[in-house]
Amino acid sequence: MDGITLALSKGRIFEETLPLLAAAGIVPQENPETSRKLIIGTNRPDVRLVIVRATDTPTYVQWGAADLGIAGKDVLLEHGGAGLYVPLDLKIARCRLCVAVPEGFDYAAATRPGSRIRVATKYIATARQHFAAKGVHVDLIKLYGSMELAPLVGLADAIVDLVSSGGTLRANQLAEVEEIMPISSRLIVNQAALKLKRDRLQPVIDAFAGALQA
Ligand code: ATP
Ligand code: MG
């Protein structure tokens, strides 16, 4: 395709990206929240959006099915960055990646060097690295959602999950015991596309960067 394709996920990333798109002179022709279309045109005939699952965004961009994408740092860490250029922290969809445990659970005791802890998460690679750096043995249990349930029913001692307000943790008598890292969404660009289509891609990158300054 001669034009450019931007991969976005529905929900908060889409909503918080709209002002950045506007700054680049790009206005989607449909709202993906209500439309069932997965390819959405824009006011610019040379720019289209593809609507993907948040965890799939780096895959589309890495393979060049999309030239650009917007993905959470959580997703990028888990996926790995091969073939991706990450020029901008867009500072949207901000939250933090945390360890949480049931209120009253002695996390310090459970994570003494040499001890073993069972952790449920969808962030297997990131969690493995975090506990390895602490010298704690970890049994990781892969989940795809509702991580908060796992410690409540004895599936795990702890979870590694994203937290913003902490409301979901509190509602389930869980407490944040460790922040692994702050999270925000990043602009990602296919490295080959950047070389071949720089004349079209660089102005979009620059417009996003300008909108962040303002
Ligand atoms: P689903 O919720 O449909 O299973 P998902 O969890 O992959 O899909 P979202 O919940 O929309 O997708 O999250 C997409 C991205 O938004 C995450 O990768 C993360 O970077 C960011 N995010 C997730 N939860 C929050 C939050 N509570 N506050 C701010 N940003 C968040
Ligand atoms: Mg979610």
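Both ligands and their constituent atoms are indexed starting at 1 by order of listing.
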Chemist: Checking side-chain polar atoms at under 3.5 Å, does Arg48 have a donor or acceptor matched by the opposite partner on Thr5?
Modeler: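 Checked: Arg48/Thr5 side chains pair up, N/O donor to acceptor below 3.5 Å.
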Chemist: Mind jotting down which residue pairs meet the salt bridge (Lys or Arg N to Asp or Glu O under 4.0 Å) criterion with at least one end in residues 148-165? Sequence neighbours excluded, please.
Modeler: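 Every candidate salt bridge (Lys or Arg N to Asp or Glu O under 4.0 Å) pair involving residues 148-165 fails, so no pair, neighbours aside, qualifies.
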Chemist: Given 3.5 Å as the limit, does a donor-acceptor pair link the side chain of Gln29 with the main chain of Ile40, or not?
Modeler: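 No, because the side chain of Gln29 does not come within donor-acceptor range (under 3.5 Å) of the backbone of Ile40.
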Chemist: Give a yes or no on whether the backbone of Ser185 and the side-chain of Lys73 come within a donor-acceptor separation of less than 3.5 Å.
Modeler: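 Side chain of Lys73 to backbone of Ser185, a donor-acceptor pair under 3.5 Å: no, none is there.
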Chemist: Going by heavy-atom distance to atom 20 (O) of ligand 1, choose the closest among Asp74, Thr55, Thr168.
Modeler: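 Result: the heavy atom closest to atom 20 (O) of ligand 1 is in Asp74.
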Chemist: For Thr168 and Arg170, which I'm curious about, is there any donor-acceptor pair between the side chains at under 3.5 Å?
Modeler: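 Not at all, the side chains of Thr168 and Arg170 share no donor-acceptor pair under 3.5 Å.
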Chemist: Would you call Cys95 a ligand 1 contact, heavy-atom distance under 4.0 Å?
Modeler: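 Checking ligand 1 against Cys95, which is what was asked, there is a heavy-atom contact under 4.0 Å.
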Chemist: Atoms of ligand 1 less than 4.0 Å from Gly72 heavy atoms?
Modeler: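 What qualifies from ligand 1 is 20 (O).
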Chemist: Does Arg200 pair with Asp2 as a salt bridge, N-O distance under 4.0 Å?
Modeler: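 Counted as a salt bridge, because a side-chain N and a carboxylate O are separated by less than 4.0 Å.
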Chemist: Which of these, Arg12, Arg53, Arg96, has its nearest heavy atom closest to atom 13 (O) of ligand 1?
Modeler: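 That would be Arg12.
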Chemist: Using a strict 4.0 Å cut-off to heavy atoms of Ser164, name the atoms of ligand 1 that fall inside it.
Modeler: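 Listed by number with element, the hits are 26 (C), 27 (N), 28 (N).
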Chemist: Could you list which atoms of ligand 1 come closer than 4.0 Å to a heavy atom of Val75?
Modeler: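 Within the 4.0 Å cut-off of Val75, ligand 1 contributes 18 (O).
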Chemist: Regarding ligand 1, does Lys73 bring an N or O atom to under 3.5 Å of one of the ligand's N or O atoms?
Modeler: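 Checking ligand 1 against Lys73, no N or O pair falls under 3.5 Å apart.
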Chemist: Distance under 4.0 Å to a non-hydrogen atom of Ala54: what atoms of ligand 1 satisfy this?
Modeler: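 Result: 7 (O), 12 (O), 14 (C).
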Chemist: What part of Arg94, side chain from CB on, backbone N/CA/C/O, both or neither, has a heavy atom under 4.0 Å from ligand 1?
Modeler: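 The answer is the backbone of Arg94.
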Chemist: Which atoms of ligand 1 are found less than 4.0 Å from any heavy atom of Leu162?
Modeler: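 Answer, ordered by atom number: 17 (C), 19 (C), 22 (N), 23 (C), 24 (N).
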Chemist: Taking everything shown except Lys91 itself, do over 12 heavy atoms lie less than 6.0 Å from its NZ?
Modeler: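 Check fails, neighbour count at 12 or below.
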Chemist: Does Lys122 reach ligand 1, in the sense of a heavy atom lying below 4.0 Å from it?
Modeler: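 Judged by the 4.0 Å heavy-atom criterion, Lys122 does count as contacting ligand 1.
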Chemist: Compare all side-chain heavy atoms of Glu176 with those of Val99 and state whether any distance is below 4.5 angstrom.
Modeler: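 No. Closest side-chain heavy atoms not under 4.5 Å.
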